[in-house]
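This report refers to the structure that appears directly beneath it.
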Amino acid sequence: MTKPTQREKFLISLLENPKGISLANPAIKLVSGDVFYSHCLNTYVSNAEMEGLDIARRKNSIQGVNRKYTNYWLQDQKQAKRAVQLINHRRMKRGLENLTSCITEKLISQFPVSIREVA
């Protein structure tokens, strides 16, 4: 069995962290025990957006440090479902089955039904 790609780990990290991910914490431990690590998060965001995923972002700064970073997250269940589709596509290419419906439901249910619920 082949290991998940970095792109797959990126998508999983978005699903497992509904409040967002950023370079303020460049090593994100996943539930599976894998770690998603990136110094070029914007590249993963751009690639996912080219595959039809809409990723929200907000610029932040670390208190007491003259450093800015961008926080990225999925806004709603529609985007979470799209992320699951992209993960399952990658899993299929690696010869694995799709994420189970139980796992999929758990990941998606963390997000608001629609963007309007966030506002």
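Quick caveat: nothing in here was measured; it's all calculated off a predicted structure.
I103 is connected to F36 through a chain of hydrophobic side-chain contacts under 4.5 Å among Ile, Leu, Val, Met, Phe, Trp and Tyr, so both are in one cluster.
Of all heavy-atom pairs between Q110 and L15, the closest is NE2-O, 2.8 Å. The heavy-atom pair separating L53 from A83 by the smallest distance is CD1-N, 3.7 Å. Nearest heavy-atom pair, I108 versus Q77, reported as atom, atom and distance to 0.1 Å: O-CG, 3.4 Å. Minimum heavy-atom separation, L107 to E16: CD2-CG, 4.0 Å.
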side-chain contact (heavy atoms from CB on, under 4.5 Å) between Q75 and F111, worked out: CA-CA 7 Å; Q75 288 187 330; F111 295 89; over 6 Å; no

Could you walk me through whether I21 and L41 pass side-chain contact (heavy atoms from CB on, under 4.5 Å), step by step? CA-CA 9 Å; I21 61 174; L41 201 49; 4.1 Å; yes

Please step through ring-ring contact (aromatic ring centres under 6.0 Å, His included) for the pair Y72 and Y44, ending with a clear verdict. CA-CA 11 Å; Y72 300 99; Y44 288 98; over 10 Å; no

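When each of Q85, R91, H89 is paired with I87, the side-chain contact (heavy atoms from CB on, under 4.5 Å) condition holds for R91 and for no other.
The neighbour count for E51 CD, taken as heavy atoms of other residues, nucleotides or ligands under 6.0 Å away, is above 12.
When atom types are taken as modelled, the side chain of N71 and the backbone of K19 share a donor-acceptor pair closer than 3.5 angstrom. S13 places a side-chain N or O within 3.5 Å of a backbone atom of F10 that can act as its donor or acceptor partner.
Within the 4.5 Å cutoff, side-chain heavy atoms of R90 are placed close to those of L11. The closest side-chain heavy-atom distance from Q79 to I55 is not below 4.5 Å. At least one side-chain heavy atom of P4 sits less than 4.5 Å from a side-chain heavy atom of D34.
A salt bridge does not link E8 to K93: none of the charged side-chain nitrogens sits closer than 4.0 Å to a carboxylate oxygen.
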